[in-house]
2 protein chains.
Amino acid sequence: MNFFDYCIQTYAQLFLEATKVGHDERFSQKQAIRDTMISAMRNYPTVEVADIWKAVYSAHMDRKSGIANPDIIKKVVSAENSWKKSSGHAFEEMIKVLGNISLEPHGIRILLQKDLKILIEKQTIANEVRDISWLKEQIGASVFDLYITVLQEGKEYVYGCIQSKTSIRDRVTRDREPSMQAMQAFFWSVAICLDGDFLKLPKFISMVNGNTTGHKLNGWHGMYVFSDRYTVGRIYPIDIDLDLFVAHAKEAAEEWLQRRQWFNHEWKADQK
Amino acid sequence: MNFFDYCIQTYAQLFLEATKVGHDERFSQKQAIRDTMISAMRNYPTVEVADIWKAVYSAHMDRKSGIANPDIIKKVVSAENSWKKSSGHAFEEMIKVLGNISLEPHGIRILLQKDLKILIEKQTIANEVRDISWLKEQIGASVFDLYITVLQEGKEYVYGCIQSKTSIRDRVTRDREPSMQAMQAFFWSVAICLDGDFLKLPKFISMVNGNTTGHKLNGWHGMYVFSDRYTVGRIYPIDIDLDLFVAHAKEAAEEWLQRRQWFNHEWKADQK
DNA sequence: CTCGACCGGTCGAG
DNA sequence: CTCGACCGGTCGAG
């Protein structure tokens, strides 16, 4: 028998034996991986150990997924990684395109982080030095996905930071802190979420709206969700027109230009 | 047509059109994701946007992998994540089992990080306070995968730190720094690698052996690879018996017990 | 070519 | 139940 088939068979057998004597799946699979390796290394001393490892991987993937063909596995994993890396960018671009349709007539526009990076390098952003230096820090740490600017007397000012997320699951926890810092730096800070499923848990609602012992303050000026199932407080529904987001962006731009010193976390848009 | 099929078809069509006018694959796929979303949201305003997103995901996965069945995709991704999380643990256990067969008769044994954590909590590790506190820090940050101890007069001392990796790719870069700190703290510090493919690049060889301008010092006392293709300097071949690793572990234990003050990065095992 | 960053179901230990 | 950590081909910008 070749080493590959040996690994497939041995893994299956060892896993079965382990479960039969009462071990749970996690224990059994770990033991099957470990002992198939040992056994195969003994029986095929001339085969590269890395190749035996790949065979054990195939055995594990087969048992868990029902797919025995390594080519299919490889292609799915590759495609999945492509989606992970690129789909978020596509979503950001979508928000930029959809938002700017309504915003640009008002002298407001959404920028990708990389757009803003270029504009700051070209020194065409009119914010004060202190803002510019704060923005550079945020860009360096890739904190926000999008930024929003407003024109006044022909000059372009960044007045807001946007987190755009297709799925934030429990990463909301990590995104909240930078958002609060943006509000403390007198910027409009909002999140746009494709999927609001996580808002089914009260914990996350209070991370947005505050007013609980665990989360005293609101984490964002607004969170815009592509669904009307989760609307409460600063959690707003949007659809393809981004209506409430656009309305709030206009209100926020006006506020930022006229009364920035009072533009802290308490600010709330009028329109609902 | 239902929204799902609409997304599949639209994505395929938009991607094809983009490539036909000369865009590369990455640009075309990002545009296809973005514009299929916009188009589907317009045509199916009552469908949850998160569900449209899932359909676009399926379209992307289908084009990249050739697999159109979402159930298969889901199972492969799930299995892959299981492997990612569990296989490293199985490998660590394997090293522990294989190593301890030869080591335990000499009063030496390999511990998983979690084993050491428990022993330290039970206060059965005999190292000085300063060592214990250093070890606790390493455990807290999950720096090393395995530790190695030696018995002297019935007391058990941790004398080495082991990184066990199935694939370190360019993560070697990140693993080097903590290894050098372990050597500075007068511990034996080694890595055990399943796959030495990365050692085809001279850069990585010099990260192990030092003696270049970029990497003046050696990064480990030894790196043990399950292959004899990469042997040079402190890069040693091992097979299932872990011969050289075991021989060096014995030498290092002796050195640590007798002459610890001189056990710095320069120490090198005699046996080859 | 290089090289940092991306994600999300699972694991494992509460 | 919760919740932090895991990985690795791809993306994107040098």
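A note on names: the letters A, B, ... follow the listed sequences, proteins ahead of strands, and every chain is numbered from 1.
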What dot-bracket string describes DNA chain D from 5' to 3', counting Watson-Crick and G-U wobble pairs whose defining distances are under 3.5 Å, with [ ] for crossing pairs and | for pairs to another strand? ||||||||||||||

Examine D/dG9: is either OP1 or OP2 under 4.0 Å from a nitrogen or oxygen in the side chain of A/S82? Give yes or no. no

Considering only NZ, NE, NH1 and NH2 on the basic side and carboxylate oxygens on the acidic side, decide whether A/K165 and A/D145 come within less than 4.0 Å. yes

Nearest-neighbour nucleotide for the A/K203 side chain, D/dC3, D/dT10, C/dG9 considered: D/dC3

Which word best sums up how the rings of A/F226 and A/F91 line up, parallel for under 30°, tilted for 30 to 60°, or perpendicular for over 60°? perpendicular

For D/dG8, does either OP1 or OP2 sit under 4.0 Å from a side-chain N or O belonging to B/S167? yes

Is A/K84 side chain donor-acceptor paired with the C/dC6 base, going by distance under 3.5 Å alone? no

Between A/T173 and D/dC3, is there a side-chain N or O to OP1/OP2 distance below 4.0 Å? no

Look at A/S78 and D/dT10 and indicate whether a side-chain polar atom (N or O) is within less than 4.0 Å of OP1 or OP2. yes

Counting only side-chain nitrogens and oxygens, does B/Q29 get under 4.0 Å of the OP1 or OP2 atom of D/dT10? no

Between A/V77 and A/L201, the residue closer to the 5' end of DNA chain D by nearest nucleotide is A/L201

Hey, which of these two, B/K117 or B/W83, hits DNA chain C nearer its 5' end, going by closest nucleotide? B/W83

hbond_proxy A/K85 side chain to C/dC6 base (donor-acceptor, 3.5 Å cutoff): no

Check ion pair A/D71-A/K74 (N to O, under 4.0 angstrom): no

Please state whether the phosphate of D/dC11, meaning OP1 or OP2, lies under 4.0 angstrom from any side-chain nitrogen or oxygen of B/K64. yes

State whether A/H89 places a side-chain N or O below 4.0 Å from either non-bridging phosphate oxygen (OP1 or OP2) of D/dG12. yes

